[in-house]
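Atom set for the values below is all heavy atoms of this structure, side chains included, hydrogens, waters and symmetry mates excluded. Each chain gets a letter, A, B and so on, in the order its sequence line appears, and its residues count up from 1.
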Amino acid sequence: MDFTEEQMMRYSRHIILPEVGGKGQAKIAKAKVFIVGAGGLGCPVGYYLTAAGVGTIGIIDNDTVELSNLQRQIAHNVNTIGMAKVESAKKTFGALNPDVNIVAIQDRISKDNIMDLIKDYDIVVDGSDNFPTRYLINDACVMAGKPLVSGAILRFEGQVTTMMPKDGPCYRCLFEEPPPAGLVPSCQEAGVLGVITGIVGGLQATEVLKLILGKGDLLKGELLIYDALKTTFRKVKVPKNPACPVCGENPTITELIDYSSGDYCTT
Amino acid sequence: MEEILPDKKLDIKSLICPYTFVKAKLAIEVMEIGQVLEILLDYEEASRSIPKSMEDHGQTVLKIEKINDTDWILLIRKDKD
């Protein structure tokens, strides 16, 4: 790819890396990444991937910006309160890097639209905040053969893993079914130190870029657990389950499922 | 000594770090293995840092020459993709 003078300057710190170079930067510019959620995780993931010059970023979220989001959702600000989160994020990302095509979708992701939404993208990032969506994205990525970079946060803890189609475990190999709603922390229990979203989102964005570049070791078959209070990173091996209901040898889940989200707190 | 004829010439006069190396790297990336890039520059620090970085990236520095009061010429052979 021929870089303009401006692009040469903008991406200079990438280009001088032996693992990136002009060729790697061109791969980044061609990549299409789909982000579910424009909240705590979606904001930093989208922000850094925009800065990195990812060609197309699709982002879906049905919510509007509220004041209580601003403690962690860094793409939004006081002037975008009340605006659709995806529009607010698009404004912020667009101001950072006009090279990037931001596709903002204000909608709720469901079994009826997910396959169509992700079909033109290379990589899917899960920045959702509830189990029904997490399982829906996992199943859809297995069925569509899309790499999935998953992240989750709660209180002072974060988790990241990368799932490759037909190569290593999926989310259901780890936890076969969503937890019962009663076991999921309620709104008043579900606090989070805002900055944790930046750590986990930053790790997810890094996984995405490594995937695009084909460099380094991905968090494949491994769950990375970050404990902010102890300041520790632990890696837990996750084996592929041959009897997994969605990615196993004889899958029993062959159609997407919308688990009721009504029983879950999603804030 | 036999004169080495470059396959490509790059003028990066007036540029400073890191753009000196960025331009040089982008130029050599699209060349073939074994081809030689000639770089003309006037930023003294780059006359040392470009050869060093090129060698770190697996290329071979054939010549570093100060040609007048302000300018240097480097000859780099591409040995690694």
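Around atom NZ of A:Lys210, more than 12 heavy atoms belonging to other residues, nucleotides or ligands sit under 6.0 Å away. For A:Lys91, the NZ atom is loosely surrounded, since the number of other residues' heavy atoms within 6.0 Å does not exceed 12. Within 6.0 Å of atom CG in A:Asp2, 12 or fewer heavy atoms from other residues, nucleotides or ligands are found, so the atom counts as exposed in its surroundings. For A:Arg234, the CZ atom is loosely surrounded, since the number of other residues' heavy atoms within 6.0 Å does not exceed 12. In this structure, A:Asp217 places its CG atom where only 12 or fewer heavy-atom neighbours from other residues, nucleotides or ligands lie under 6.0 Å away. Within a 6.0 Å radius of NZ in A:Lys30, no more than 12 heavy atoms belonging to other residues, nucleotides or ligands are found. Annotation: B:Tyr19, atom OH; neighbour count of heavy atoms from other residues, nucleotides and ligands within 6.0 Å is above 12.
Residues B:Glu29 and A:Gly21 share a closest heavy-atom pair of OE2-CA, 3.1 Å.
If you measure heavy-atom distances from A:Glu5 to chain B, the contacts under 4.5 Å come from the side chain alone.
Close approach to chain B, defined as a heavy atom under 4.5 Å from one of its heavy atoms, is seen in A:Met8, A:Met9, A:Ser12, A:Arg13, A:Ile15, A:Ile16 of residues 6-16 of chain A, taken by number.
Here the side chains of B:Val30 and A:Lys23 are not in contact, with every heavy-atom distance at 4.5 Å or above.
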